[in-house]
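What follows is a set of notes on a single structure, which appears directly below.
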Amino acid sequence: MRTWRDGDGTLTVGGDAGAREVPLRIAASYRSRTRGLLGRDGIDGALLLTPAGSVHTFRMRFAIDVAYLDRKFTVLAVRTMKPGRLGLPRLRSRHVVEAEAGAMERWGVRPGVRVELRALGTSWGKPAPGTP
């Protein structure tokens, strides 16, 4: 089982040729997951909430894109949420990535895409050697 810690990292979307790297803030503790993007006017990059299966946008100042990821970092669903909304829980969702509205589409994050996360010198979500 992985041990997640609050900190910074990178979210990589796409293969080697067209890979897109996005700055990532990791919220793994209860306190940082609860705070999330509350009180901010925007975000440069994305925020990973882990573990998480649903989110809300109560008291938020801007609309966000939400990507629900499974254990293997495959995108299950992507939704745009306006402030003051409650997102439905997603079955099989273990992680949630939040970004400003419109960012997921620009980055190529859509259902079925597998993303890679890098934090503190580690890499999660990479396919095992020899697998397509």
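Side-chain contact between Val96 and Val66 is present, with at least one heavy-atom pair separated by less than 4.5 Å. No side-chain heavy atom of Pro23 sits less than 4.5 Å from a side-chain heavy atom of Thr10. Between Thr12 and Val115, every side-chain heavy-atom pair lies at or beyond the 4.5 Å cut-off.
In this structure, Asp65 contributes its side chain and Ala99 its backbone to no donor-acceptor pair below 3.5 Å.
In this structure, the salt bridge (charged side-chain N to carboxylate O under 4.0 Å, His left out) partners of Asp41, at least two apart in sequence or on a different chain, are Arg61. With sequence neighbours excluded, the residues forming a side-chain hydrogen bond (donor to acceptor under 3.5 Å, both in side chains) with Arg25 are Asp8, listed by chain and number. In this structure, Glu105 has no side chain to side chain contact (heavy atoms under 4.5 Å, CB included) partners at least two apart in sequence or on a different chain. Partners of Arg79 according to the side chain to side chain contact (heavy atoms under 4.5 Å, CB included) rule, which considers only residues two or more places apart in sequence or in another chain, are Tyr68, Ala77, Arg90. Remark: Ser32 pairs with Asp6, Ser29 by the side-chain hydrogen bond (donor to acceptor under 3.5 Å, both in side chains) rule, at least two apart or across chains.
In terms of heavy atoms, Arg20 sits closest to Arg106 at NH1-O, 3.4 Å. For the pair Gly42 and Phe62, the tightest heavy-atom approach, listed with the atom from each and the gap, is N-CE2, 3.5 Å. In terms of heavy atoms, Val78 sits closest to Val75 at CG2-CG1, 3.6 Å.
One hydrophobic cluster, built from ILVMFWY side chains closer than 4.5 Å, holds both Ile64 and Ile43.
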Exercise for review: Test side chain to side chain contact (heavy atoms under 4.5 Å, CB included) on Asp70 and Arg94 and set out the steps.
Suggested key: CA-CA 5 Å; Asp70 67 7; Arg94 296 296 178 259; 5.7 Å; no
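In this structure, CZ on Arg92 lies 11.5 Å from CG on Leu69, to the nearest 0.5 angstrom. Atom CZ of Arg118 is separated from atom CG of Leu24 by 12.5 Å, given to the nearest 0.5 angstrom. Going from atom CG of Leu37 over to atom CD of Glu100 covers 9.0 Å, rounded to the nearest 0.5 Å.
The side-chain contact (heavy atoms from CB on, under 4.5 Å) with Val109 is formed by just one residue from the set Val13, Val22, Val97; it is Val13.
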Donor-acceptor contacts, no H, no angles, side chain residues 45-60, under 3.5 Å, sequence neighbours left out:
unit_1	atom_1	unit_2	atom_2	d
Thr50	OG1	His95	ND1	2.7
His56	ND1	Phe58	N	3.1
Thr57	OG1	Lys82	O	2.5
Thr57	OG1	Gly84	N	3.1
Thr57	OG1	Arg85	N	2.8
Thr57	OG1	Arg85	O	3.3

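Residue pairs that meet the salt bridge (charged side-chain N to carboxylate O under 4.0 Å, His left out) test with at least one member in residues 29-40, sequence neighbours left out, do not exist here.
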